[in-house]
Amino acid sequence: MSGVRETLAVCRYEFRMQIRKRSLWITIALLAGSLAAGRFGMGPRYAPASPGAPAREVMTRWAFLFSVILPIAFGMALADRLLRDRRLRTAELLASMPPGSGGRLTGTFLGSVTATGAPALAAMLVAAGYETVRRGDPMMIPWGLAAFAAVLAPALVFVAGYALVCPLVLTAPLFRVLFVGYWFWGNLLLPATLPTPTGSLLTPIGSYAASWLLGTPVLHAGIPGPLSFLRPEPTGSAAAGSIALLVVAGLIPLLAAGLLRGRWRTA
Amino acid sequence: MDIAITGLRRSFGRVTALRGVDLTVRGGMYGLLGGNGAGKTTLMRIMAGVIAPGAGQVRIGGYDLTTRSGRRQVQRRLGYVPQDLGLYPDLSPREFLDYVALLKGLDDSAARRRQVEELLDVVGLTGVAGRRMKGFSGGQRRRVGIAQALLGDPALLIVDEPTAGLDPEERIRFRTLLAGLAGQRTVLLSTHIVEDVAQTCHETAVLAAGQVIYSGSVADLTRAAEGTTWQMSSAGAPPIEGVVVSAVARETGTQFRVISPARPSPDATSVAPTLEDGYLALMQRHSSTAVG
Ligand SMILES: Nc1ncnc2c1ncn2[C@@H]1O[C@H](COP(=O)(O)OP(=O)(O)OP(=O)(O)O)[C@@H](O)[C@H]1O
Ligand SMILES: [Mg+2]
């Protein structure tokens, strides 16, 4: 298929442009740094200090510590990506090229999402490197990567779908405000206070994946609340289901945007 | 690539931009003239496959632009410089050209790199090829615009006001470059600068209010003002009749160049028209028939 190469070209350059965003690197560095320095009742400081603490537990604690706040930065950094071609007036030229809007959308998604995840991955690797030295356990880096893939990456995909598409309708500033509000309400607020999806399979903070990796419920996974069918026991299969649900839910807005854009062109 | 357009209409909400355009272009450099809002950009965007035609027939090189597959076929052979071209500020011209080349399907990386370097040289951007485009001057942006359009050696070039805002030397360099490219290609050039068309095109069309009011040779358009172009001197007041093309103050009074069907004053002398005179005579005739 000729469309694949063109999609990869979009992906390559959208990646390049996003990864050059200095504000993204600075924000992630500051947030990750302050999370690492702070005590939030769940961070790596709560992992057993003994040298024999399992790498799986140590690195999962790092991953879910980061996943509490870093996805907010993902949303902020991605909110302008699809709007940008309109603002920079590059949309006209792109529309005169053979790749269709579907290929451009897919390429933009893949490129900007991987670039947005890069600083967070770097933060995990720094943490893993630190733990390797501190605890002398060579398994820290592999488990750091696994925890990133299970906890942070699904959050990134979920957030990206909405952060790319919603600003087309809402404008980027309004989306950013609403998104921060959503993050605290939908991930951290307890259902006892207000009806919220906190602790369900559809919680991008990664409650289920982190609970499964740790072997003990964390981040309110499975806490009673509305939509009780989305709140099973935090087992391995529930964690896998949560990851799949988050990824699919993140792709829905992209599919919708793809269909609508295709129709606008001929309107 | 031959262009054949019949009965093309396109509106945006309540604004009708094109109201029944008929146009035939057969290769070479072709000028598209017309006032602000005449519909030039809309026509070019349709030909570039950026927007769909409303009604009517648009065929380019035999491909039907009203179908998606026809649009794709034309876009594979197209170089387009939009009137309002945006660039990515974070990329360098070299990277931007590489990106456009990839989008146009130039997959062989060695050939792609060679072509990018060649075009950077053609438009004189080699010196800044690695610099980010943020802060580029108007002329530098235009050069990037032309270079990207030439990638992939397109059979059809559509350039929408490429010389707007350029200094005279740069403008002449650009139009000469475009004319040189028109050898084996179709180059469609829209502009407000009649002189650019006079210097580079054999054929031209004039759009007014969404319709083609003239299409044919540049020489014939110039002849439209034959016998109606006058030169005269007057102590101060401009002539009442006709359209004043130019007014030059002299010690003896002001010298006017006037387009008018009748001799505007007894001392006026008939002079040979230029393309600009022909264009103005056509517009004048069109507006008087449109009103009357
Ligand atoms: N996207 C759009 N939405 C609404 N109206 C539009 C749009 N594009 C063009 N128009 C209208 O269509 C008409 C033709 O515009 P167009 O840009 O094609 O003219 P033009 O000949 O290129 O003018 P100029 O010489 O100023 O560039 C104008 O009345 C313009 O306002
Ligand atoms: Mg225009």
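Side-chain atoms are counted along with the backbone in the values below, which use heavy atoms only and exclude waters and symmetry mates. First the proteins, then the strands, lettered A, B, ... as listed; each starts at 1.
Proximity to chain B (any heavy atom under 4.5 Å) is restricted, for Leu94(A), to the side chain, taken from C-beta onward. Interface remark: Arg87(A) contributes no atoms to any contact with chain B (heavy atom separation under 4.5 Å). Only the side chain of Leu78(B) comes within contact range of chain A, with at least one heavy atom under 4.5 Å from a heavy atom of that chain. With a 4.5 angstrom heavy-atom cutoff, Glu95(B) touches chain A via backbone and side-chain atoms both. Heavy atoms closer than 4.5 Å to chain A are found in both the backbone and the side chain of Asp84(B).
Top candidate by heavy-atom pairs under 4.5 Å with chain A, chosen from Asp90(B), Val100(B), Leu102(B), Val74(B), is Leu102(B). Your options are Ala9(A), Ala91(A), Pro98(A), and the one with the most heavy-atom pairs under 4.5 Å with chain B is Pro98(A).
Taking OG from Ser67(A) and CG from Leu152(A), the interatomic distance works out to 5.5 Å, rounded to the nearest 0.5 Å. Distance check: Thr90(A) OG1 to Leu91(B) CG gives 10.0 Å after rounding to the nearest 0.5 Å.
Using a 4.5 Å heavy-atom cutoff, the side chains of Arg142(B) and Arg171(B) are not in contact.
No side-chain donor-acceptor contact under 3.5 Å links Asn187(A) and Thr203(A).
A parallel orientation is assigned to the rings of Phe175(A) and Phe179(A), their planes being inclined by less than 30° (bins at 30° and 60°).
For residues 97-106 of chain B, the side-chain hydrogen bond (donor to acceptor under 3.5 Å, both in side chains) pairs, not counting sequence neighbours, are Tyr13(A)-Asp98(B), Asp98(B)-Arg112(B).
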